[in-house]
Each structure stands twice: as structure tokens, then as C-alpha cells.
Protein chains: 2
Amino acid sequence: MNKIILFLLLFGISNEQIISQSKVSETFNLMPWPKDIKENYGKFVIDSDISISIHPETNGRVHNAAINFLRRLTTRTGVFLNEGFPVSNKKGSIQINFQNVSQLSIETDESYTLEIKDADISITAKTDVGAIRGLETLLQLTQNTSNDYFFPGVTINDAPRFVWRGLMIDVSRHFQPVGVLKRNLEAMAAVKMNVFHWHLTDDQGWRVESNVFPKLHEEASDGLYYTQEQIKDVVAYANNLGIRVIPEFDVPGHATAILTAYPELGSKDGYRYSIERFSGVFDPTLNPTKDMTYEFLARLFAEMTPLFPDAYFHIGGDENEGKHWDENKDIQAFKKQHHLKTNHDLQTYFNIKLEKILNNLGKKMMGWDEIMTPNMPTTTVIHSWRGKNEGLEEGGSLIAAAKKGYQTVLSNGYYIDRMEPVENHYAVDPIGDVKLTELERARILGGEATMWSELVTPLTIDSRIWPRTAAIAERFWSPKAVKDVVNMKKRMKHVSFTLEELGLTHIKNRAVILRSMTNNQDIASLVTLSKICEPLKIYARNEGGVEYKTFSPFTLFAEACVVDAEDGASFNSAVNNYIKDANSETTNLVLSYLKTWAKNHDRFEALEKNPKINPLEKLSENLSATAVLLESAVENKSFSKADAIKVKASLYVLSQPFVDVEVVILEGLKALTTHFESLYKLN
Amino acid sequence: MNKIILFLLLFGISNEQIISQSKVSETFNLMPWPKDIKENYGKFVIDSDISISIHPETNGRVHNAAINFLRRLTTRTGVFLNEGFPVSNKKGSIQINFQNVSQLSIETDESYTLEIKDADISITAKTDVGAIRGLETLLQLTQNTSNDYFFPGVTINDAPRFVWRGLMIDVSRHFQPVGVLKRNLEAMAAVKMNVFHWHLTDDQGWRVESNVFPKLHEEASDGLYYTQEQIKDVVAYANNLGIRVIPEFDVPGHATAILTAYPELGSKDGYRYSIERFSGVFDPTLNPTKDMTYEFLARLFAEMTPLFPDAYFHIGGDENEGKHWDENKDIQAFKKQHHLKTNHDLQTYFNIKLEKILNNLGKKMMGWDEIMTPNMPTTTVIHSWRGKNEGLEEGGSLIAAAKKGYQTVLSNGYYIDRMEPVENHYAVDPIGDVKLTELERARILGGEATMWSELVTPLTIDSRIWPRTAAIAERFWSPKAVKDVVNMKKRMKHVSFTLEELGLTHIKNRAVILRSMTNNQDIASLVTLSKICEPLKIYARNEGGVEYKTFSPFTLFAEACVVDAEDGASFNSAVNNYIKDANSETTNLVLSYLKTWAKNHDRFEALEKNPKINPLEKLSENLSATAVLLESAVENKSFSKADAIKVKASLYVLSQPFVDVEVVILEGLKALTTHFESLYKLN
């Protein structure tokens with residue numbers, strides 16, 4: 001990433017193309033931003049007479065999407081519609097036309113044209129998938145005056161930049177029931193994502209009913225698995241939303257669950273495998289030297305592949321350190337016999353056999369980037385995930401894969417479980433400024449956000465995925481030039497709110513957690529604290545993989561906090577503006593924060609205490625103490641040496657991580673302190 | 001209902017038995033209240049070492065309930081447990097013992113004994129169902145100091161008063177997805193309910209996949225139905241919680257959906273049936289004179305009965321007005337030929353044939369009380385629902401049915417869709433003071449709360465069922481003498497909050513609706529308004545059945561309001577206390593309400609307006625105007641004639657129903673006004 005461009009992005013400074021984006025209208029909250037949009041200054045008023053006609057009439061995706069569109073429009077506007085379903089035999093005020101029903105694949109045409117005029121809206125697309133993408137755009141355009149709701153007159157020509165725009169959900173570390181998946185699929189469709197990568201098995205659990213190897217779900221799932229009917233239901237639900245489903249069965253590593261059920265497949269004879277309760281990278285690994293292993297996988301995959309009609313099939317392949325291989329004399333002998341020098345060579349041997357099995361089943365094998373070894377055929381698909389964190393170049397394996405002839409998908413940079421600010425992910429462009437041939441470019445299919453679930457449960461998963469994933473979706477769909485961070489954040493905030501209409505719980509569950517923490521007392525003081533704290537980032541929370549177990553309480557303060565905390569960046573920037581120019585507007589803004597915080601500790605102290613809220617006392621107390629002194633400095637224009645010492649002591653306390661969160665207004669508080677120290681020349 | 005008892009109940013005055021209830025401890029938030037509870041003043045501290053052992057070890061209900069217990073305990077206490085699953089081969093600190101695994105039926109023994117000592121807890125029961133009831137009681141006993149969570153030392157001997165403690169959910173008027181049902185089943189189990197009555201078909205939709213008559217789900221469900229796998233999943237889920245599932249297929253009336261798919265079964269030849277979109281009682285009715293009708297029902301029920309293993313099978317049978325029968329000459333001729341004088345006689349003819357079909361399938365037929373005609377065999381089960389509203393005696397058909405020899409279940413008095421205050425339902429005792437023989441008493445199985453879904457969607461259904469249904473559950477479980485309303489309301493409030501832990505949405509979705517109404521602005525002013533308003537009661541909202549359609553917006557202000565509005569009774573009672581004795585405490589309480597409301601309109605006015613919130617302006621404005629004047633009267637001890645006139649004008653506006661709600665603090669506001677008028681002798 002070019003550092004100057006990064007700088008421009010981070011500070012919201014526009015380049016030429018960004019200006020062309022914001023020229024259209026600041027009032028449009030579209031996300032992802034379309035390829036081409038022109039205003040025609042019309043206005044389509046939404047009233048009871050609105051109706052939809054579809055050509056050709058089908059009972060498929062567009063019919064379903066049209067009904068959902070009408071329900072969501074009714075929710076958003078409160079308008080009582082006369083027609084609750086697409087109309088037949090007459091022209092609706094919204095006309096949808098498409099040519100073909102798509103069998104979902106990476107070839108599916110998702111382009112569409114949307115035209116809104118005063119009395120007439122049309123969506124035209126080559127495929128039904130394009131048409132439903134257009135309907136989502138139309139809904140996002142809903143606006144209102146004080147007296148009516150309307151769609152603004154625009155003409156949009158839109159098509160995605162990448163064909164693979166995915167979200168991976170890990171349902172092994174913490175199982176996610178069907179309802180959680182369905183609402184996240186709806187959210188994905190709302191931001192035009194089209195791949196759901198379903199990480200179905202790992203050390204912590206096997207999650208699919210198997211009739212061929214029933215011990216897998218009976219003994220390695222704690223009863224938390226999907227029946228085959230539920231799998232089919234989710235796949236059909238996704239398909240209806242224009243979303244492909246790629247299953248992942250992670251082998252040969254991350255295999256503790258499989259080996260709990262079938263220890264005879266393991267690399268360590270006589271080892272007593274049991275479902276893993278901690279997070280981390282573990283040793284249990286399938287034994288690649290036994291025929292039995294391949295017979296097992298062949299029969300298992302023969303059972304599983306019909307459940308997942310998509311051509312791509314993910315076999316994981318990551319983080320196999322081969323410790324149990326090294327400890328096994330038979331495996332060592334096998335390596336010698338087959339001239340396999342390293343464990344990588346042995347895994348490649350395994351992968352090549354696996355690919356044949358999958359090819360026989362009509363599937364294209366995909367795996368994490370460890371599978372890209374020199375001997376690996378280019379018919380496999382490389383899922384690039386490693387980067388600086390793993391001692392490699394950011395996204396390097398993606399470009400390397402494309403150049404070597406592999407199709408490839410990027411997840412490095414989109415690890416949303418790292419709890420990084422949205423702009424970090426938004427700034428990651430799969431291709432960047434690398435020069436590629438047309439053929440190489442075509443091999444870069446797109447990217448996937450990854451929701452690893454060590455620290456997320458059904459209660460919190462939505463708030464860990466959304467709204468940041470909407471910005472990543474934009475990176476995958478919109479033209480490369482769309483990258484104004486300030487504008488993106490404004491639109492993301494709106495999209496976030498509208499996702500709640502779809503049943504997403506990322507906003508409402510904060511109050512649930514805080515009510516639970518307080519035993520149903522007034523949560524206002526904790527809400528205030530949660531708006532200035534973020535969960536610890538980049539796995540600091542589970543350092544060493546020893547603290548949290550899968551059944552630990554994920555209902556504490558850190559769970560009520562989210563990345564991009566509401567009052568974090570906004571306070572820090574308010575302080576910057578105040579220091580630059582202390583006019584009444586900038587002063588009042590800073591004061592309003594300080595006053596809220598100054599008062600907050602009294603409210604906190606009024607709570608009946610319990611072991612869950614006790615650890616927050618230090619945070620609450622030091623925040624208020626700091627805010628009181630800084631408020632007084634603003635208002636009374638004085639700041640004594642003693643004040644400075646007190647503030648710094650409090651800031652030191654606030655800067656120490658505790659209850660698994662970090663305070664994100666320290667920058668602003670420190671800047672204010674320094675500012676007052678120099679301004680009022682302490683005495 | 002004896003009026004004196006009602007008076008005692010409504011004003012929380014205790015009789016002897018109520019005193020015995022509250023003697024134990026005001027701090028226990030048990031609901032339903034157990035049969036017998038004694039304190040032993042021990043204290044079991046909840047720490048990481050808590051563990052559960054189960055004897056005998058099984059993978060069934062108790063194992064499942066124990067795991068859920070540990071998860072919920074972790075959520076509630078924040079304690080990191082060492083053992084996340086029941087322990088084997090050693091004694092847990094919680095020991096569960098039971099004798100038999102129950103096949104659920106009305107014979108199932110649900111009694112249990114729970115004993116909590118300092119270091120040791122035991123739950124002993126005859127059946128596994130009794131054991132899981134005991135686990136719910138234990139969880140409800142969780143208490144805390146500022147430093148720890150603990151279970152108080154008690155010995156509880158408990159058993160239900162009635163064997164049938166049900167909740168009916170209508171999934172026809174508005175479809176409710178599996179997730180909605182599962183979370184409500186969990187809530188039912190949390191308050192020891194044991195029957196889920198599943199109203200699966202009505203004029204507005206057929207909701208079950210049928211392979212024998214596929215047009216039912218294909219043409220009469222709008223695509224909103226349960227697959228047979230989903231039905232089995234829900235039934236198994238309920239069974240695991242000790243809940244029986246009774247399906248209802250409503251015939252011969254409420255049959256528009258069936259006739260939409262198979263019009264040839266209808267009573268009006270050539271009529272074009274289509275799925276009903278409005279609420280009300282409609283004419284389409286099966287034709288009871290055609291053999292085809294019985295062949296259809298026999299084959300349909302033969303397909304459906306295996307999905308529902310319970311012995312009871314509900315055929316509806318209600319509200320058939322027979323208009324289409326009267327209009328059909330062939331049906332008239334048939335009546336003459338078979339000496340059936342009235343339509344009731346014809347329906348009895350139909351019901352008797354139906355009962356034979358069901359008996360052949362091993363089922364006991366149950367129907368709404370219209371089926372209790374003189375010729376109806378006493379092998380059927382009478383579901384009593386009609387009362388004063390229908391020109392009959394309250395619950396009269398229940399006692400009559402028991403005396404005539406029918407098993408019977410009461411729903412009259414438990415229609416939670418009427419949006420009545422909880423004390424109305426709580427006061428309804430299925431038997432009351434009626435003298436019955438032992439045999440007659442045994443025929444009264446219990447009762448069911450009924451959630452008809454004309455006006456509820458998945459977004460709002462929880463807030464229409466809970467928490468009031470917890471109090472009804474107590475009526476069905478606890479001894480008759482447990483009826484202190486004040487104490488019940490205190491406990492219900494706590495139970496309501498804990499239901500949120502199970503995923504119930506009755507609390508959190510208020511904010512969702514208000515955010516949607518405001519387009520994500522500050523909802524504080526609307527929250528204030530929603531706490532003093534309740535949705536219109538007793539079907540006033542859908543008067544005449546013409547306004548709302550199934551696809552109308554159920555996301556407006558009335559949906560954010562609930563019965564037993566938070567600030568309603570509490571303000572009215574605060575005013576009473578203030579008028580009786582205006583000391584500083586009573587004065588401050590009244591003032592705190594008035595000040596909140598006085599300020600509220602400014603906050604409301606700061607909102608950017610839209611068509612959804614515009615109609616609330618009148619409410620907000622008049623509330624604040626009234627509160628300003630009354631606040632001034634309290635503080636300045638003066639109230640002029642002009643003030644009185646202004647207040648009364650505002651109160652008049654507030655007393656008019658609008659946006660489908662009613663203001664529930666009028667009583668208090670009016671009392672204050674009258675008080676000040678007389679106190680300050682207006683000039």
C-alpha cells in the first residue's frame with residue numbers, strides 16, 4: 001500500500017475520483033457504492049399504490065426478493081400497501097425485467113440498471129441475481145422529508161469489481177444456529193455479498209450430521225450440529241439470496257474433533273483425543289500415510305458434496321505443524337520411502353490425493369495458502385490468509401498464486417476477528433498497484449472477510465461482523481477509486497442501522513449484555529463507558545490461548561463493546577478541532593463529552609454492585625476524575641500543576657488494559673492535558 | 001369471580017395463605033411459586049468449582065438441561081467454570097437423581113425436591129421431567145451480594161396443580177419461524193409450562209408441508225410453512241424441554257387456506273377462494289356432506305399424526321357460522337335427509353366422523369367449546385374459550401364440560417392477545433370456588449394462554465406473550481392460594497429480565513422499533529412516551545377487521561408499547577400516595593415523573609420529523625404542557641383557573657385514542673388536577 005495514498009485515505013482527503021463519487025450526492029447512503037450513478041432530479045413518492053411487476057413471472061429469487069422488499073419498505077416507511085405481493089397481468093410502478101435465471105457460479109452476471117423517475121421505476125438485468133442486487137440498491141435509496149418517503153430520481157449502472165465477495169463464519173469454535181446464519185445471509189445480500197464460506201469443522205467441534213460416519217456428530221459436536229436437512233435449508237436460503245455456499249472441512253490439521261470420533265485416523269497411536277475447549281493451534285493431525293485415511297475422506301466427501309452444490313470445496317489445510325508426524329516412526333519411514341523431505345512435502349502428497357478424490361466428485365479443491373507448494377497442481381484454488389503476522393508479505397501469496405496460475409481469493413487484511421478499525425480493512429485492495437496480465441487478473445476472484453469464532457457466540461457474533469463487513473463488501477464490489485473513508489463511515493453508519501430491520505442484533509444486544517451485567521438496573525452509566533471502550537485487538541484477549549474456554553462467559557463488558565467505538569474517534573477529533581480553534585462550537589462539543597463523563601461516576605456509584613460490574617469501578621472513577629478537571633480547565637481557563645498530576649495519574653490507570661478492553665479516548669484526553677499544561681503555564 | 005376476593009387481589013391485600021407465601025422471603029424471585037418452600041439459612045457460593053452429576057447418566061433431557069443450566073449460570077454470574085458439562089464417575093456439587101425417563105403425557109410426574117445446603121445441592125425427582133423443573137427453580141434462586149453469587153439455603157417440595165399448562169401460538173395469521181418458536185419454548189420451560197398448542201392453519205395460511213396434498217403448502221402459504229423436518233425438529237426440541245406439542249388443524253371453518261388449495265372441498269361451488277389478508281371471522285367452510293371431504297381429512301391426518309406423537313390432536317371447530325351451508329341447496333337437502341335440524345347438528349355429524357378418523361389413528365380429538373353439542377361423545381376434549389365476550393358465562397363451558405364427562409382445558413380468561421393487564425389473567429382460576437367431585441376435578445386438565453397473531457409478527461410476538469404469560473403459568477402450577485398481585489408483579493419483573501438471557505426479544509425490540517421510527521435518531525423522548533402508553537385493548541385496534549392486513553406495517557408506535565406500561569400504574573399510585581400525604585418522599589417521586597415529561601417535548605421537537613413520528617407530536621406536546629403546569633403547582637403551590645383549563649384541554653386530547661395506543665397515566669394526571677383545583681381554590 002502506497003503510504004501517501006494511505007495517508008490521504010485516513011484523513012479523508014479526496015483525490016479526483018473520490019470527488020466524482022461525492023459530487024453526486026451526500027444524501028445517498030448506498031453501500032456498496034455503485035459503478036455509475038447519475039441524478040435526474042426526479043422524485044418517486046412512496047404511497048399505498050406502489051406495486052411491483054416482474055417479467056418473466058417466476059416463483060424464484062426475484063419473486064421472493066420483491067416480497068421482502070415490500071415488507072422492508074413497509075417497515076421503513078410505515079406506509080400501508082394495497083399490494084403486498086408482485087402484481088400479475090399489469091404493469092407495476094416498479095418494473096423488474098431480467099433475461100435468465102442464474103445457476104450460481106463465478107460466471108453469474110450480477111450487473112443491473114436501475115432507473116427512478118417520478119412515477120416509474122425500472123430494474124433491468126441479464127440475470128435474476130442482477131435484478132435482486134438492483135432491488136437492494138433501490139431500498140437503500142429510500143429517503144424522506146417530514147411529510148413523505150420517496151426514492152430520488154437516479155439512473156444507476158452497476159456491476160461488481162470482483163466475482164467472489166465472501167464472508168466466512170466459523171461454526172466450530174462456537175456453534176451458530178441456523179437462525180444466526182440466515183440473518184447474516186440476509187445482511188450479506190443487503191450489501192451484495194455472494195459467497196458464504198462455512199467453516200464446518202475444527203478442533204473444537206464437528207458440525208454436520210453424517211450418516212456414513214455418525215460418530216462425527218454424535219461424539220464430536222456436544223450435540224451442536226446441523227442436520228443434513230438444515231444444511232440443505234441454509235444452502236437453499238442462501239441460493240435464494242444469490243449467495244453461493246462453500247463448505248470447509250479442515251484437514252489434515254485442525255482435526256481434533258474428527259479424531260475424537262475416529263482416533264484410528266490420527267497420527268499418534270493410542271492418543272486419547274477429545275474435543276478441544278481452548279483456542280489455539282493444536283497437534284492432532286490426520287495420518288496421511290494410511291490408506292484408511294483416504295478411504296474415510298472419500299466416503300465422507302461423497303456424502304457431503306451433494307449437500308453443497310457449488311463447484312468449489314474448501315479443505316482447509318492450514319496451520320498443520322506436523323508435530324505428531326515428527327513423533328511417529330511409521331510416518332517418518334513413509335516419508336523416506338516416498339522421498340518426501342519435509343512435512344510440507346508430505347502434506348502436498350496428502351493434498352494431491354485429496355484433490356483427485358474431490359475431482360472425481362466434480363469439485364474444485366480450495367485451501368488456505370499453505371497448500372500452495374511447488375508440486376501442487378494449479379487446478380486448486382489458493383485462499384490467501386497469511387501476512388505480516390505470519391512473517392510474510394501482506395497479501396503476497398495472492399499475487400504469487402495468480403502469477404503461478406492458481407485461482408485465488410484474499411482474506412489477509414479482512415480478518416474481522418482481529419477487532420481492528422474499519423479503515424484498516426477498507427484500505428486493503430486485493431490488487432493494489434500491482435501490474436497483472438488480463439489472465440492473471442482474472443484469477444484473482446475476490447476476497448472474504450473471516451469471522452473466526454473463538455471469542456464470539458450467537459449473542460455477539462453480529463456485532464463482530466457488522467457493520468465493518470459492509471465496508472469490506474464495498475471494497476469487493478465498488479470501483480477501486482471509491483475509498484473516501486469519511487464518506488464510507490457516514491454511509492456505513494446508516495447501513496448498520498438498516499441491518500437491524502433485517503433482524504441483525506449487533507446494536508440491540510449491547511443493552512442485553514449490560515442489563516444482564518447489572519441485574520436489570522439502569523444501564524445508562526455502563527452505556528457511556530461502553531462507548532469509549534473497545535475489545536482488545538489482534539488476539540491480545542486470548543493471548544497464549546489459555547484463558548478462555550469455549551464455555552466461558554462471553555457476556556461481560558468486553559462483549560458490550562465494539563470496534564470503532566461510537567465516542568472514540570469523534571471525541572479525539574473534537575479535541576483536535578478545539579485545540580486548533582477554540583470557538584464556541586468546538587468548545588461546546590468537547591464540553592458536552594467531558595460533562596457526560598464527569599457526571600457518569602455518580603450514576604455508576606448508584607448501582608447496586610456485583611462481581612460483574614465491580615471491575616469497572618476503576619474505569620468509571622478515573623474517567624470522571626479526569627473529565628471533571630479537564631472540564632474545569634475548559635470553563636475556568638485554569639489548570640494547576642496539581643490538576644495535571646492528578647489527570648496524568650488517572651490517564652495512566654486508564655491506559656492499562658483491564659476487563660479485556662482498551663479505552664479509546666486517551667489520545668484526546670492526553671492532547672487536552674498537554675494543551676492545557678502549555679496554555680496555562682502551570683504553577 | 002367473587003368480587004370481594006377480586007378486590008383483595010387487586011389491592012394486594014393478603015389473606016392467610018398469601019401471608020404464608022410472603023413469610024418465606026421477599027428476596028426469592030421464583031415464578032411459578034413452589035408448593036412448599038422452607039429456608040434453612042445456608043448459602044451455597046457459586047464459584048469455578050461448581051459441577052453437576054446426574055444419576056442415572058443419560059444423553060437425554062436432564063443432560064441437556066444441565067448443560068444449559070451451566071451456560072445460563074455462567075451468563076448470569078460471569079463465573080468461569082472449570083466443568084462445562086456434567087461430570088461422570090464423581091459426585092458433583094449439584095447432584096441430580098431421578099428414577100424414570102418419561103414418555104410425555106398428562107400422566108407425567110413433574111414433582112421434585114430441591115435441597116440447597118452450604119456445599120451441596122440435590123435435586124430428586126421421580127422422572128427426568130421433574131428433575132429439569134427443579135433445575136429451573138435452582139437457577140431462579142440465583143442471588144448475589146456485591147462480592148459473590150450464591151444459592152440461598154432452602155428445601156423445596158414442588159409439584160404442579162394442573163397437568164396441562166399451555167401456550168397456544170397462532171402461526172397462520174402471521175407466520176412464526178422456527179427460531180421464534182424455539183425461544184418461546186425455552187421461555188415456557190423456564191416457567192414450567194408443558195404444552196405447546198400449535199395453531200397451524202387458518203384462513204390466512206396453511207403452514208405445514210404436505211406430501212400427500214402438496215397444494216396446501218404450495219398454494220396456501222405464501223411460501224411460509226414448516227417442512228416436515230422442521231416440525232419434527234420443533235417437536236423434539238419441545239420434548240427435550242418436557243413440553244408436549246398439540247397440533248391444531250382448524251376445520252370445518254377457518255378453512256380459507258385449505259380451500260384456496262382444494263376449492264372442491266368447499267361448501268360454495270364455483271367460489272374463488274384465496275388466502276385471506278384481513279382479520280375476522282370468514283365464511284369459507286368445508287363441505288361436511290361430501291365423502292371426498294372425509295377422504296381428504298383421513299389421508300391428511302394420516303400424514304400429519306406421525307409428526308405429532310402426543311395423544312391429543314386439536315381440530316379447532318370454532319366460529320363456523322355456516323353461512324355457506326345455508327346458501328347451498330345440496331347441503332340443505334342433506335340436512336333434511338339426515339334429520340339434522342341445525343348447522344350445529346350438521347357440525348356434530350362432521351365432528352363425530354372426524355373423531356372416528358382420529359381414533360383410528362390413535363388420537364384423542366380436542367376442539368374449541370363449540371364442539372360440545374348434546375350428541376358429541378365424551379371421549380372428545382373440550383377447549384373452553386368463550387365467555388362474556390361471546391354472550392356466555394365466564395369459563396362456564398369448562399365446568400359444564402367436566403360435569404358432563406369431558407376432559408377439558410381453559411383458555412377463556414387467558415387470551416393474551418386482548419392486551420389486558422396481567423392481574424386480569426392472574427385472577428382467573430380455572431376452578432374457582434365451584435364444588436366438584438374428584439372425578440370431575442380430574443377432568444379439568446388445566447389451561448392455555450392463547451397468542452392469536454392477527455397483530456403480532458416475529459418482531460413483536462415475544463412482547464405480547466411475555467412477561468404476562470409467566471403469571472398465567474404460575475396460575476396453572478402454583479397452589480390456588482398463591483395470588484398476591486403485588487408480590488407476583490415484583491417477581492414477574494425479575495423473570496421478565498431473566499427471559500432475555502434465553503434470547504427472548506420482548507425488552508430489546510422496543511428500541512429497535514423506535515430506532516426504525518426515527519431513522520436512527522436519539523430515541524430517548526419516544527422511550528419516555530412508550531412507557532406511558534399501551535396498545536389498544538380487546539381488539540379495538542382492529543375494530544371491524546378491516547384496517548390491518550397481514551402485510552401491514554407492524555413496526556409503528558403501538559408495537560413499541562406493551563401492556564402493563566412501565567410508568568403507568570407506578571405513576572398513578574405515586575399520585576395517590578402524594579395526595580394522601582405530601583411528604584418529601586411522595587412529592588419527589590411525583591415531581592420526578594412530571595419533570596421528565598415536562599422536558600420531554602423539547603427533546604421530541606429536536607428530532608428530524610417524518611411521517612412515522614409526526615402523529616406523536618400531539619401526545620408529546622400535550623403531555624409536556626400538562627406536566628409543566630402540574631410541576632409548577634407542586635413546586636409553587638399555586639394552580640390558577642387558567643392553568644386548570646389548559647390542563648383539562650390537554651387531558652382531553654390525551655384521552656382520545658390515536659396511533660392505536662391509549663395513555664395510561666390519565667388517572668394520575670386527573671387526580672392531581674382535581675387535587676390542586678380543590679387545594680388552591682382557583683381564582
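All heavy atoms count here, side chains included; hydrogens, waters and symmetry mates do not.
Per-residue heavy-atom pair counts under 4.5 Å with chain B were compared for A:Val512, A:Asn144, A:Thr227, A:Ile613, and the maximum is reached by A:Val512. Residue with the most contacts toward chain B among A:Arg76, A:Glu501, A:Glu608, A:His494: A:Arg76 (heavy-atom pairs, distance under 4.5 Å). Between chain A and the options B:Pro177, B:Ser552, B:Gly179, the largest number of non-hydrogen pairs under 4.5 Å is found for B:Ser552. With chain A as partner, the option from B:Ile67, B:Leu81, B:Thr74 having the largest number of non-hydrogen pairs under 4.5 angstrom is B:Thr74. Interface check for chain B: of the options A:Glu500, A:Lys609, A:Met517, the most heavy-atom pairs under 4.5 Å are formed by A:Glu500. Most heavy-atom pairs under 4.5 Å with chain B: of the set A:Asn59, A:Leu70, A:Asp222, this distinction falls to A:Asp222. Your options are A:Asn519, A:Val178, A:Ile513, and the one with the most heavy-atom pairs under 4.5 Å with chain B is A:Asn519. Heavy-atom pairs under 4.5 Å with chain A were tallied for B:Thr550, B:Ile507, B:Leu556; the largest tally goes to B:Ile507.
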Run B:Arg277 and A:Phe85 through side chain to side chain contact (heavy atoms under 4.5 Å, CB included) and show every step you take. CA-CA 11 Å; B:Arg277 304 297 177 196; A:Phe85 298 86; 3.3 Å; yes
With side chain to side chain contact (heavy atoms under 4.5 Å, CB included) as the criterion, how do B:Arg515 and A:Lys508 come out once you've worked through the C-alpha distance, each side chain's angles and the decisive distance to 0.1 Å? CA-CA 10 Å; B:Arg515 273 192 287 271; A:Lys508 65 185 175 184; 3.8 Å; yes
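For A:Gln176, there are no side-chain hydrogen bond (donor to acceptor under 3.5 Å, both in side chains) partners at least two apart in sequence or on another chain.
For the atom pair OG of A:Ser146 and CG of B:Asn610, the computed distance is 8.5 Å after rounding to the nearest 0.5 Å.
In terms of heavy atoms, B:Pro553 sits closest to A:Gly78 at CG-O, 3.5 Å.
Only the backbone of B:Thr145 comes within contact range of chain A, with at least one heavy atom under 4.5 Å from a heavy atom of that chain. The part of A:Thr77 that comes within reach of chain B is its backbone (N, CA, C, O), which places non-hydrogen atoms under 4.5 angstrom from that chain. Only the backbone of B:Glu83 comes within contact range of chain A, judged by heavy atoms closer than 4.5 Å. Using a 4.5 Å cut-off between heavy atoms, A:Arg71 touches chain B through its side chain atoms alone. Using a 4.5 Å cut-off between heavy atoms, B:Asn520 touches chain A through backbone and side chain atoms alike.
Proximity of B:Asn147 to A:Pro611: side-chain heavy atoms (C-beta onward) are nowhere separated by under 4.5 Å. At least one side-chain heavy atom of B:Gln230 sits less than 4.5 Å from a side-chain heavy atom of A:Asp233.
Not less than 6.0 angstrom separates the ring centroid of B:Phe551 from the ring centroid of A:Phe80.
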